[in-house]
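Okay, so here's the structure we're looking at.
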Amino acid sequence: MRQGGRGDRTWLAACGLLFATAFGTNVPTPLLLVYRAELDLSASTLAAIFGVYALGLAPSLLLGGPASDRFGRVRVLLPVAAGVAGASLLFLGGASALWLLFAARFLQGLASGAVFSVGSAWLQDLAGPDGAPRAARAASVAQTAGFCLGPLTSGLLATSGPLPLALPYLVHVALVVVAVAAVLATVGTGTRPAGPPSRGLLPRPGLTPAARRVFVRVVVPTAVCVYAFPSVAVTVLPLLLPGISGAVAFTGLLAALTLGTGTLVQPFAHRLGRRTGPAGAGLGALGAAAATVTALLAPPGPAAVAGVAVAGVLFGAGGGLCLNAGLTRVGRLAPASGRGAVNGLFYTAAYSGFAAPWLATAFVATTALAAPLAVLAAAAAITAGWLAVRSGDPDGAPGPGRSPDAPPS
């Protein structure tokens with residue numbers, strides 16, 4: 001589907017807001033090691049700070065999408081984008097108080113989740129069901145690029161720039177301001193949905209019975225892989241390298257490598273078609289296997305660094321392909337009148353993967369991480385096999401409806 005004029009500008013504005021939001025979610029990632037030293041935090045507390053983000057996501061994803069189905073995409077996106085910037089400002093006090101780190105990370109999840117689900121639904125509105133692969137590719141590239149550049153920028157600024165625990169967050173706030181300005185310049189504050197709005201703010205996906213079965217059997221297991229893989233890469237893998245010099249910068253580079261790979265694999269998703277989900281889960285299984293071997297055999301040093309880098313690349317590729325596969329299916333399954341709700345449910349399942357780092361670190365010492373990593377490898381391999389079997393399941397036909405904020409194409 002080709003768009004011109006205002007449609008192109010709207011498309012870019014939606015992608016820009018997704019990028020700016022994704023950029024901010026991983027700004028704290030390389031700084032967690034600094035907070036650990038400043039506040040004397042354990043590895044499980046570190047994983048809990050990272051994972052509390054998911055607690056904020058739950059209400060945001062379940063309510064934000066349906067709210068946008070009722071009131072319009074932009075009318076929901078603008079206030080939650082302000083919350084995204086507010087979370088970064090709250091992080092400025094995190095070095096002095098643990099509770100501020102938890103509060104800021106929770107607010108970050110609360111605001112970011114709505115941007116991801118509603119922004120993805122907005123792109124699907126613009127593309128239509130026939131353009132679902134294009135919308136999925138755009139949303140995946142915008143998010144994974146933000147996820148990649150956020151920690152890379154943060155790690156570099158924290159290592160060599162002034163105000164290491166402040167400047168990265170201020171850069172993010174500036175990006176959000178620019179993205180919001182682009183949305184306002186393109187579509188203003190948005191319009192109300194055409195036709196009678198849905199009632200209530202609870203998820204009302206409007207999926208056909210066939211589409212609901214595909215969502216549960218295929219989309220949900222694909223979604224769980226989306227963030228389970230990269231979250232393990234950026235929080236658990238650095239623990240395999242105790243005492244490494246330049247740990248903060250390395251963590252930022254590892255996050256950039258992992259999530260950048262998720263961006264670079266997007267063109268291959270088009271070629272893989274319905275095999276994208278199984279391929280993504282399979283790559284994640286290989287990443288967990290590489291991390292297990294590294295934990296078992298490689299002493300801290302160049303070999304361990306190489307093993308961690310390989311595992312990060314595989315985790316990033318797997319998560320990126322699963323994000324594309326899931327969003328493509330959602331774009332085809334969901335009717336326009338319930339697209340926000342279905343995207344919210346997809347991201348809810350996806351962000352449950354943020355529990356993976358906590359599960360990997362809560363019950364074993366950091367010297368015994370091989371066991372949970374091996375369990376992850378087995379679970380991912382089983383998921384890949386299941387998705388391969390189900391990859392031919394037909395999509396249910398989406399119902400009628402028009403975009404809440406889509407301009408004429």
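We use all heavy atoms of the structure for the numbers below, so side chains are in, but hydrogens, waters and symmetry mates are not. Residue indices begin at 1 and follow the sequence shown. What you see is a predicted model, and the numbers here were worked out from it, not measured in a lab.
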request  = Return yes if some donor-acceptor pair links the side-chain N/O of T276 with the main-chain N/O of A325 below 3.5 Å, else return no.
outcome  = no
inquiry  = According to side chain to side chain donor-acceptor pair (under 3.5 Å), who are the partners of S112, at least two apart in sequence or on a separate chain?
reply    = none
remark   = For L110 and P59, the nearest pair of non-hydrogen atoms, with its separation, is CD1-CG, 3.7 Å
inquiry  = I'd like to check the side chain to side chain donor-acceptor pair (under 3.5 Å) partners of T348; sequence neighbours left out, ordered by chain and number.
reply    = none
note = Scanning both residues in full, the closest heavy-atom pair of G146 with P151 reads O-CD, 4.3 Å
message = Once side chain to side chain donor-acceptor pair (under 3.5 Å) is applied, do any residues pair with S120, and if so which ones, sequence neighbours excluded?
response = Y347
ask   = Looking at OG1 of T45 and CZ of F102, how far apart are the two atoms once the value is rounded to the nearest 0.5 Å?
value = 6.0 Å
message = Tell me if a side-chain donor or acceptor on T25 pairs with a main-chain N or O of A22 at a distance below 3.5 Å.
response = yes
request  = Report yes if some heavy atom in the side chain of T361 is under 4.5 Å from a heavy atom in the side chain of L369; otherwise report no.
outcome  = yes
ask   = Given L240 and L237, is the side chain to side chain contact (heavy atoms under 4.5 Å, CB included) satisfied, shown in steps?
value = CA-CA 5 Å; L240 302 179; L237 295 189; 4.0 Å; yes
ask   = So which heavy atom on V118 is nearest to which on G64, and how close?
value = CG2-O, 3.6 Å
query = Would you find a donor on one side and an acceptor on the other, under 3.5 Å apart, between the side chain of T21 and the backbone of L18?
reply = no
With sequence neighbours excluded, residues passing side chain to side chain donor-acceptor pair (under 3.5 Å) with T144 = T263
query = Can you list every pair that meets ring pair (Phe, Tyr, Trp, His ring centres under 6.0 Å) and has a residue in residues 136-157, with sequence neighbours left out?
reply = F116-F147, F147-Y227
message = Working note: L165 + Y35, criterion side chain to side chain contact (heavy atoms under 4.5 Å, CB included); need CA distance, chi angles, decisive distance, verdict.
response = CA-CA 9 Å; L165 295 181; Y35 294 130; 4.1 Å; yes
query = Distance from L100 atom CG to L107 atom CG, nearest 0.5 Å?
reply = 11.5 Å
query = So do the side chains of F23 and T153 get within less than 4.5 Å of each other, counting heavy atoms only?
reply = yes
remark   = So side-chain hydrogen bond (donor to acceptor under 3.5 Å, both in side chains) across residues 374-385, not counting sequence neighbours, yields none
ask   = Got a second to check how far T186's OG1 is from W11's CH2, nearest 0.5 Å?
value = 14.0 Å
request  = Report yes or no: does N26 contribute a side-chain atom to a donor-acceptor pair with the main-chain N or O of G150 at less than 3.5 Å?
outcome  = no
request  = Compare all side-chain heavy atoms of L170 with those of L163 and state whether any distance is below 4.5 angstrom.
outcome  = no
inquiry  = Test side chain to side chain contact (heavy atoms under 4.5 Å, CB included) on L327 and S140; report intermediate values, then the result.
reply    = CA-CA 8 Å; L327 287 175; S140 299; 4.0 Å; yes
ask   = Where is the tightest heavy-atom contact between C15 and A138, given as atom of each residue plus distance?
value = SG-CB, 4.0 Å
note = So CG of L323 and CD of Q266: to nearest 0.5 Å the spacing works out to 6.5 Å
task = Determine, step by step, whether L333 and V219 satisfy the side chain to side chain contact (heavy atoms under 4.5 Å, CB included) criterion, reporting the C-alpha distance in whole Å, the side-chain angles of both residues, the deciding distance to 0.1 Å, and the verdict.
result = CA-CA 10 Å; L333 293 172; V219 175; 3.9 Å; yes
key: Note, S154 side chain near L31 side chain (heavy atom, < 4.5 Å)   = yes
CG-CG distance between L175 and L17, expressed to the nearest 0.5 angstrom = 11.0 Å
Side chains of P221 and R390 in contact at under 4.5 Å (non-hydrogen atoms) = no
ask   = Looking at N343, V187, V76, which one forms a side-chain contact (heavy atoms from CB on, under 4.5 Å) with W122?
value = V187
ask   = Which heavy atom of G24 sits nearest a heavy atom of Q108, and at what distance?
value = O-NE2, 2.8 Å
key: Shortest non-hydrogen contact between V224 and S352, atoms and distance   = CG2-OG, 3.7 Å
key: Side-chain touch L359/L376, heavy atoms, less than 4.5 angstrom   = no
query = Heavy-atom distance under 4.5 Å between the side chains of F215 and L345, does that happen here?
reply = yes
key: Min side-chain heavy-atom separation L101-L39 under 4.5 Å   = yes
message = Nearest 0.5 angstrom please: H172 NE2 to L149 CG, how far?
response = 12.0 Å
request  = State whether the side chain of T292 and the backbone N or O of A374 hold a donor-acceptor pair below 3.5 Å, judged by distance alone.
outcome  = yes
